[in-house]
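Take a look at the structure set out below.
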Protein chains: 2
Amino acid sequence: MGKRERLVEAAVNLAYRQGYTRTTIADIARESGVPLGNVYYYFKTKDDIATAILDHHKGQFESLKAELAALPSPKARLVAFVNKTVGNAGEIALRGCPAGSLSAELLKAGDKAAVEAFPLLAAPMEWMAEQFGEMGHSDDVEALALQLQSSLQGGSLLAQNARNPELLAREGARLKMWINGL
Amino acid sequence: MGKRERLVEAAVNLAYRQGYTRTTIADIARESGVPLGNVYYYFKTKDDIATAILDHHKGQFESLKAELAALPSPKARLVAFVNKTVGNAGEIALRGCPAGSLSAELLKAGDKAAVEAFPLLAAPMEWMAEQFGEMGHSDDVEALALQLQSSLQGGSLLAQNARNPELLAREGARLKMWINGL
DNA sequence: GTCTATACAAGGATAGAC
DNA sequence: GTCTATCCTTGTATAGAC
């Protein structure tokens, strides 16, 4: 694996585990086995690393979308999305939702990269709206997507706050029933 | 107002605006008009300031609870709680929920004060469960509280991500209808 | 209790040899 | 492209006079 990739991977993991602000370039260098000075050949500033982390997450969602596209129905795809989140409940209870916690941190910090955080939560929500559309809900698709994404993000935050994956699991179970009943 | 109070107020505001990690003791000293060295007479370490910030927020919720207790019915109290949140949607769209964003940040940072963040989101949820109980929902009160708190926290996060208060306002409107229909 | 000066460490970033 | 040494700034914290 190329150095740049290793650096990005280390940055993504460290930012998720410790938060982006607390993650130092030296941390990233150490974890990826790249000498400190060499990091600056790939990233001029720490802000450039934030951008790379965000791009990584955007790519992750694109992959997930492609994976879910193989499923036969929009309902099945939505349920699978919820299952994916609930499947990570253990880690989410410790560190929060990878996308949600990063978005919140960068936006509060007012980093230059902050504006680029928008798609982290908006892209999944758009995709959800599409799925609801295919289910025949012509006008209120955005409201339904908002409702689903809110509950998942909120459930993740509450699970983290209580350090208890069950909170997210319970929200997930409720949401799946709700989706199936629509 | 005493110096300690001024320090705490400045710390609360700065941590909300910039995040706790990015807020320096010098920031707090400047904003409260207390010389840097003098801060350490009131707080031995920055971690002690985190504790004070958390205590402040806990007190805020206790006040709100007392205020809402004057309302005639549990339903009215829950609706008023939602209204309170929606009323802050403008600021929440910029900086997130004061309680939720702080909890997330401290928990991820793994600060010593992190454990004390639990009541920030748990106390309101407990209170919600009580209200649902008074409405006659004997067994599923925790599930209902989880649902309400999830949606509010998620709505806050999404509003912040999109820098758009409307997302929270819409969730709030839906939740009020839902409460009234229970 | 208050405040100035400062110690000390850490972090982002660069210089410059290879 | 790579890597060591180091600059410079900032941030927490303390010393010690008042």
Side-chain angles (χ1 to χ4, degrees), chain A residues 1-56 102 105-117, chain B residues 1-56 102 105-117:
Chain A
M1 195 162 53
K3 282 198 181 177
R4 205 198 131 92
E5 285 168 281
R6 261 157 52 210
L7 285 165
V8 172
E9 195 187 334
V12 166
N13 289 332
L14 285 164
Y16 182 45
R17 296 206 300 262
Q18 317 176 338
Y20 169 76
T21 311
R22 282 171 63 105
T23 297
T24 68
I25 313 238
D27 286 341
I28 298 169
R30 198 179 325 111
E31 177 132 332
S32 56
V34 173
L36 179 57
N38 199 4
V39 174
Y40 287 88
Y41 175 76
Y42 295 96
F43 301 99
K44 292 252 171 297
T45 67
K46 195 184 173 187
D47 234 77
D48 289 344
I49 298 182
T51 300
I53 295 174
L54 288 170
D55 285 345
H56 173 90
L102 183 61
E105 185 181 2
L106 293 179
L107 280 165
K108 179 150 300 198
D111 259 306
K112 271 173 231 158
V115 280
E116 305 167 37
Chain B
M1 193 164 54
K3 282 198 181 177
R4 204 199 132 93
E5 285 168 280
R6 261 157 51 210
L7 285 167
V8 172
E9 196 187 331
V12 167
N13 289 331
L14 285 164
Y16 182 44
R17 295 207 300 262
Q18 318 175 337
Y20 169 76
T21 312
R22 283 173 63 105
T23 297
T24 68
I25 313 236
D27 286 341
I28 297 169
R30 197 179 324 112
E31 177 133 333
S32 57
V34 173
L36 178 57
N38 199 4
V39 175
Y40 287 88
Y41 175 76
Y42 295 94
F43 302 98
K44 292 252 170 297
T45 67
K46 196 184 172 188
D47 234 75
D48 289 343
I49 298 181
T51 300
I53 294 173
L54 288 170
D55 285 345
H56 173 89
L102 184 60
E105 184 181 1
L106 292 180
L107 281 165
K108 179 152 300 199
D111 258 305
K112 271 173 231 157
V115 280
E116 305 167 39

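Owing to the predicted nature of the structure, the values given are computational and were not obtained by experimental measurement. The chains referred to below are lettered A, B, ... by the order of the sequence lines, with proteins before strands, and numbering in each begins at 1.
Using a 4.5 Å heavy-atom cutoff, the side chains of A:T45 and A:K112 are not in contact. For the pair A:D111/A:Y20, a side-chain contact is recorded, criterion being any heavy-atom separation below 4.5 Å from C-beta on. Residues A:I53 and A:Y16 form no side-chain contact, since every pair of their non-hydrogen atoms from C-beta on lies 4.5 Å or further apart.
Atom CG of B:L14 and atom CD1 of B:I49 lie 10.5 Å apart (nearest 0.5 Å). From B:E116, atom CD reaches atom CG of B:D47 across 8.0 Å, with rounding to the nearest 0.5 Å.
Within 4.0 Å of B:T21, counting heavy atoms only, lies no atom of the nucleic acid at all.
As a whole-Å value, the separation of B:I25 CD1 from D:dG11 C1' is 8 Å. Atom CZ in A:R22 sits roughly 13 Å away from atom P in C:dA10 (whole-Å rounding). Rounding to whole angstrom units, CG of residue B:D27 and P of D:dA13 are separated by 14 Å. The separation between A:R6 atom CZ and D:dG1 atom C1' is 13 Å, rounded to whole Å. Atom CZ of A:R30 is separated from atom P of C:dG11 by 9 Å (rounded to the nearest Å).
For the segment residues 31-56 of chain A, the set of residues with a heavy atom within less than 4.0 Å of an atom of DNA chain D comprises A:P35, A:G37, A:N38, A:Y41, A:Y42, in numerical order.
Residues A:D48 and A:T51 have side chains that never bring a donor and an acceptor to within less than 3.5 angstrom of each other.
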